[in-house]
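I have placed the structure first, in the form of structure tokens, so that the comments after it can refer back to it.
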2 protein chains.
Amino acid sequence: MEMNDAVRRLTGLAQDTRLRIFRLLVRAGPGGAAAGRIASQLGVPPATLSFHLRELADCELIRVERRGRSLIYSADYGSMQELMDYLRHDCCGGISKSGRAGRARQELT
Amino acid sequence: MEMNDAVRRLTGLAQDTRLRIFRLLVRAGPGGAAAGRIASQLGVPPATLSFHLRELADCELIRVERRGRSLIYSADYGSMQELMDYLRHDCCGGISKSGRAGRARQELT
DNA sequence: TCCATATTTCTAATATTATCGAAATAATAT
DNA sequence: ATATTATTTCGATAATATTAGAAATATGGA
């Protein structure tokens, strides 16, 4: 994963409403949740919600699929895993807690 | 960790220059790096760098300490770990890949 | 004290993001 | 066809973030 994509996904999560949307969708599981359900659950006006759903979809943290007249959103779990892996290995790995050279480098768990 | 703090730290990392600063500091290890060294390493003008260092310090992703006339910045590893833990457990935990109820819920690793 | 070095704060311009009402689009049902 | 429901796009505004030059502050040395 490239740093640029990491920044984009971090930006996706770095906003109150969007983090709440993502949390909700993770909890909703693979079946996802319709936009309207998210809106009522979080108390966010439709247009505002739509804006944030698009942000999350653009950085691929969530997916969308139409079912009837509803649009069902779901968390893209693999994409989140990629981000976590990036942060663990490519961004934040390699720190030494002790500072002693030649020691095993600490990884985020 | 509260969601609000998670958003603040995510915001800290959700910017190209700041993620590069944080990476550099993680790589620098516990000894950290002086502001001037970071500036020359990343090619960022002093005032701009100072702005981003403050952002990172405000959300506690980095620490600062004076040594002589230099200000030494270092990554706050524990703070990053807290963020990762939050994302794993409080935000993104509880997803079920299979979608079957009553199964062990998948955790980000 | 006076100078050089290191870095921050001030300030103002610019750019990006967030909000949300109203109108438009899409799907289904009558 | 028309209405109903679900959601998006448009458009305008407000809020926040980013950039960086110039001036200010802090430290250590001659």
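Labels below follow one simple rule: chain letters A, B, ... track the order of the sequence lines, proteins then strands, and each chain is numbered from 1.
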Salt bridge (Lys or Arg N to Asp or Glu O under 4.0 Å) against B/R20, all qualifying residues, sequence neighbours excluded: B/D16
Side chains of A/I38 and A/L53 in contact at under 4.5 Å (non-hydrogen atoms): yes
Sugar-phosphate, base or nothing in reach of A/A34, heavy atoms under 4.0 Å: sugar-phosphate
Value in whole Å for how far the P atom of C/dT17 lies from CG of A/D16: 17 Å
N or O in side chain of B/Y73 less than 4.0 angstrom from C/dA6 OP1/OP2: no
All N/O contacts under 3.5 Å from nucleotides 11-17 of chain D to the protein, with atom names and distances to one decimal?
none

Length of the line joining A/L10:CG and C/dT17:C1', which is rounded to integer Å: 17 Å
Nearest-Å distance for atom pair CZ/C1', residues A/R37 and D/dT7: 17 Å
Separation of C/dT9 C1' from B/L49 CG (nearest whole Å): 14 Å
Heavy-atom side-chain proximity of B/L13 to B/M80 below 4.5 angstrom: yes
Short side-chain N/O contact to D/dA20 OP1/OP2 from B/T48, under 4.0 Å: yes
Sugar-phosphate, base or nothing in reach of A/A47, heavy atoms under 4.0 Å: base
Rounded distance (Å) that lies between atom C1' of D/dT7 and atom CD of A/Q41: 17 Å
Upstream residue (5' side of DNA chain D) when B/H52 and A/I72 are each assigned their closest nucleotide: A/I72
Closest heavy-atom pair and its distance - A/L19, B/C91: CD1-SG, 3.8 Å
B/R63 (side chain) donor-acceptor with B/S74 (main chain) under 3.5 angstrom: no
Sugar-phosphate, base or nothing in reach of B/P46, heavy atoms under 4.0 Å: base
Residue pair B/C59 / B/R8: nearest heavy atoms and the distance that separates them: CB-O, 3.8 Å
Strand contacts (DNA chain D) in residues 63-71 of chain A, 4.0 angstrom heavy-atom criterion: A/R69, A/S70, A/L71
Any side-chain heavy-atom pair of A/F51 and A/T17 under 4.5 Å: no
Whole-Å distance separating the CG atom of A/L53 from the P atom of C/dA18: 13 Å
B/I72 backbone acceptor or donor facing B/R67 side chain under 3.5 Å: no
Atom pair distance, as rounded to whole Å: CZ in A/R54 and P in C/dT16: 17 Å
D/dA30 - base-pair partner by Watson-Crick or wobble geometry, distances under 3.5 Å: C/dT1
A/R66 atom CZ: more than 12 heavy-atom contacts under 6.0 Å: yes
